[in-house]
Amino acid sequence: AAERPRGLPIGNLTSQFWSNCYLDPFDHFVRRELRCPAYLRYVDDFALFGDDVAQLYRWKRAILERLAALRLTAHEGEWGGPESVRDALDALRPERIGHGVRAIEDLALVDRLAENGIVLEVCPGSNVTLGVYPSFAAHPVARLREREVKVTLSTDDPPFFHTTLRREATAPPPPLRPAWAGIPRP
C-alpha cells in the first residue's frame, strides 16, 4: 500500500491565518456597516449575494471605496462589462486588473487603460471556456494590444480549466498567436 502523506498543510494554515488577521475588519465592515446578510469570504476572495442588483452595486461601490487605499488587483471586466472596469479604476485605482477584457466595448476606457499603464491579466482559455467570448478568434487581446494596453497572460483557475501558464503561453490557438508575439514566455 502506498504511504499516505502525514502532517499539517502549513501553507494553507498560514494563508488562512493571515487572511483572517487582515480580513477580519473587512468582514465586520460588510456585515455590520453594510448589513449584507449573505456574504461569503474565502482566503483571497469574497462574494456578496442578493436579489436586488441595485443593492449589490451599492455594496460593491462601498467596498471598493473601503479598499481604495490598498494596492489591489481588481477582478473585473469579465462578466460585469466595461462599467465594472471603470468603477474599479475610479474607486480602487489599481495597477492591474484581472481579466478586464470587456473594456474593449468602450474605446475611451481602453485608451484610459493604455494612458495610465494599467495591466490587464487576460485569461483567454477561461474566457472562451466560460462563454465570455464564443471563440479564440473573437477574443479581444489583439485589439487591446493594438491600442497599446499592457497585457499579461494568466490562467484564471488552472485546476478548473486543466491548464498551466506554460501551456497557455507556449501553445496559444492560431487566432491568438499574433497577439502574443513579443510577450515574454515563462
Side-chain angles (χ1 to χ4, degrees), residues 11-127 129-133 139-141 144 147 149-161:
N12 291 344
L13 291 176
T14 303
S15 296
Q16 186 64 51
F17 170 77
W18 286 112
S19 72
N20 284 339
C21 291
Y22 177 70
L23 291 173
D24 232 19
F26 180 76
D27 291 341
H28 292 292
F29 170 73
V30 172
R31 290 190 179 117
R32 294 185 180 147
E33 291 182 41
L34 296 182
R35 293 190 172 105
C36 178
Y39 162 69
L40 178 63
R41 184 191 26 102
Y42 305 95
V43 172
D44 63 348
D45 203 354
F46 65 90
L48 304 172
F49 302 94
D51 294 326
D52 182 350
V53 174
Q55 180 63 51
L56 287 170
Y57 274 104
R58 284 191 295 274
W59 286 334
K60 179 180 176 181
R61 285 182 192 267
I63 288 168
L64 290 174
E65 289 171 12
R66 174 93 174 195
L67 298 175
L70 305 174
R71 291 184 69 187
L72 301 172
T73 297
H75 186 277
E76 300 292 348
E78 180 182 27
W79 297 106
E83 64 280 353
S84 67
V85 174
R86 190 178 308 100
D87 288 348
L89 289 176
D90 293 343
L92 289 176
R93 297 176 299 282
E95 297 170 9
R96 302 174 73 85
I97 294 181
H99 293 286
V101 290
R102 297 228 7 237
I104 198 68
E105 298 167 22
D106 178 343
L107 294 181
L109 178 60
V110 172
D111 292 342
R112 179 178 173 192
L113 291 168
E115 289 166 12
N116 291 307
I118 307 299
V119 178
L120 299 184
E121 300 170 356
V122 298
C123 309
S126 73
N127 293 158
T129 300
L130 294 173
V132 177
Y133 295 100
H139 197 278
V141 67
L144 290 164
R147 293 187 76 91
V149 174
K150 294 179 182 179
V151 299
T152 63
L153 180 62
S154 189
T155 57
D156 199 10
D157 190 351
F160 182 78
F161 295 108

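What you see is a predicted model, and the numbers here were worked out from it, not measured in a lab.
Residues K60 and L56 form no side-chain contact, since every pair of their non-hydrogen atoms from C-beta on lies 4.5 Å or further apart. Considering only heavy atoms from C-beta on, Y133 comes within 4.5 Å of P140 through its side chain. The closest side-chain heavy-atom distance from E76 to R86 is not below 4.5 Å. The shortest distance between side-chain heavy atoms of V101 and E78 does not fall below 4.5 Å. Counting heavy atoms from C-beta on, the side chains of V30 and W59 never come closer than 4.5 Å. Side-chain contact check for V119 versus L113: every heavy-atom pair is 4.5 Å or farther apart. Between V85 and L89, some side-chain heavy-atom pair lies under the 4.5 Å cut-off. The shortest side-chain heavy-atom distance between L120 and H99 does not fall under the 4.5 Å cut-off.
In terms of heavy-atom proximity, P82 sits nearest to E105 at CD-OE1, 3.4 Å. Nearest heavy atom pair, residue S84 against residue G77, reads OG-N, 3.1 Å. Between P94 and A88, the closest heavy-atom pair is CD-O, 3.3 Å. What you find for L153 and P124 is that their closest heavy atoms are CD1-CD, 3.8 Å.
Heavy atoms from other residues, nucleotides or ligands lying under 6.0 Å from NZ of K150 number 12 at most.
A distance of 4.5 Å separates CG of D90 from CZ of R112, quoted to the nearest 0.5 Å. To the nearest 0.5 Å, atoms CZ (R93) and CD1 (I118) are separated by 11.0 Å. For the atom pair R58 CZ and L48 CG, the distance stands at 13.0 Å (nearest 0.5 Å). Taking CD1 of I97 as the start and CD of E121 as the end, the distance is 9.5 Å to the nearest 0.5 Å. Here Y39 contributes atom OH and D27 contributes atom CG; the two are 3.5 Å apart, rounded to the nearest 0.5 Å. Atoms NE2 and SG, from H75 and C123 in turn, are 7.0 Å apart once rounded to the nearest 0.5 Å.
At least one donor-acceptor pair closer than 3.5 Å links the side chain of R102 to the backbone N or O of W79. Looking only at distances, a side-chain donor or acceptor of D52 sits under 3.5 Å from a matching main-chain atom of A54.
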Please test E33 against R66 for side-chain contact (heavy atoms from CB on, under 4.5 Å), starting from the C-alpha separation and ending with a verdict. CA-CA 11 Å; E33 291 182 41; R66 174 93 174 195; 3.9 Å; yes
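Under 3.5 Å, the side chains of Y57 and D87 contain no donor-acceptor pair of N or O atoms.
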